[in-house]
Colleague: 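Sharing a structure below in structure tokens format, with a few things to ask.
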Amino acid sequence: MGKPFLIGLGALLVLMGGVWTLQGLGFIGGSFMSDNTTWAIIGPIVVIAGLALAVWAARRKT
């Protein structure tokens with residue numbers, strides 16, 4: 001997979017995890033994830049995974 005694709009995927013994971021975190025904490029409503037602490041825990045884990053993927057992809061040599 002190409003470097004730009006992996007960096008973009010990492011960025012997408014960061015955004016997705018951020019939204020899940022905000023939904024889990026109740027800042028974004030209108031979903032089954034709203035005010036659900038499970039998503040407040042899963043969200044930051046996805047953010048960290050996305051950051052790790054993006055940093056790894058940016059640093060790898062191709």
Side-chain angles (χ1 to χ4, degrees):
M1 289 189 192
K3 188 182 227 182
F5 174 76
L6 291 174
I7 293 172
L9 182 60
L12 181 64
L13 286 172
V14 169
L15 290 173
M16 197 169 65
V19 169
W20 288 355
T21 301
L22 293 174
Q23 284 180 321
L25 294 173
F27 291 111
I28 301 175
S31 170
F32 69 93
M33 293 186 249
S34 299
D35 282 327
N36 188 334
T37 52
T38 301
W39 295 104
I41 295 169
I42 293 172
I45 294 169
V46 173
V47 168
I48 291 169
L51 284 172
L53 176 62
V55 168
W56 173 79
R59 294 183 59 159
R60 95 178 194 170
K61 298 180 191 256
T62 54

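This one's a predicted model, so the numbers in the text were calculated from it and none came from an experiment.
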Colleague: Can you see which heavy atom on A57 is nearest to which on K3, and at what distance?
Modeller: O-CE, 3.0 Å
Colleague: Could you give the distance from CG (L12) to CD1 (I7), rounded to the nearest 0.5 Å?
Modeller: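 Here the rounded value is 14.0 Å.
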Colleague: Side-chain heavy atoms under 4.5 angstrom apart, residues restricted to Ile, Leu, Val, Met, Phe, Trp, Tyr: same cluster for I45 and V55?
Modeller: no
Colleague: Do V19 and L9 belong to the same hydrophobic cluster, where Ile, Leu, Val, Met, Phe, Trp and Tyr are linked whenever their side-chain heavy atoms lie under 4.5 Å apart, directly or via other members?
Modeller: no
Colleague: Check V14 against V47 and note the closest heavy-atom contact, atom names and distance.
Modeller: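 Here V14 and V47 meet closest at O-CG2, 3.6 Å.
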Colleague: So how far is it from L22 CG to M33 CE, rounded to the nearest 0.5 Å?
Modeller: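 Result: 11.5 Å between the selected atoms.
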Colleague: How long is the span from the CG atom in L25 to the CD1 atom in I41, to the nearest 0.5 Å?
Modeller: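 Reported to 0.5 Å precision, the distance equals 10.0 Å.
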Colleague: May I ask whether F5 and M16 are part of the same hydrophobic cluster, defined by side-chain heavy atoms of I, L, V, M, F, W, Y residues being less than 4.5 angstrom apart, directly or through others?
Modeller: yes
Colleague: Looking at every heavy atom in both G50 and L13, which two are closest together, and how far apart are they?
Modeller: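 Smallest heavy-atom distance, with atoms named: CA-CB, 3.7 Å.
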Colleague: Between S34 and G29, which heavy-atom pair has the shortest distance, and what is it?
Modeller: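 Looking at all heavy atoms of both residues, the closest pair is OG-CA, 3.2 Å.
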Colleague: Considering non-hydrogen atoms only, spot the tightest contact between P44 and W39 and give its length.
Modeller: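 That would be CD-O, 4.4 Å.
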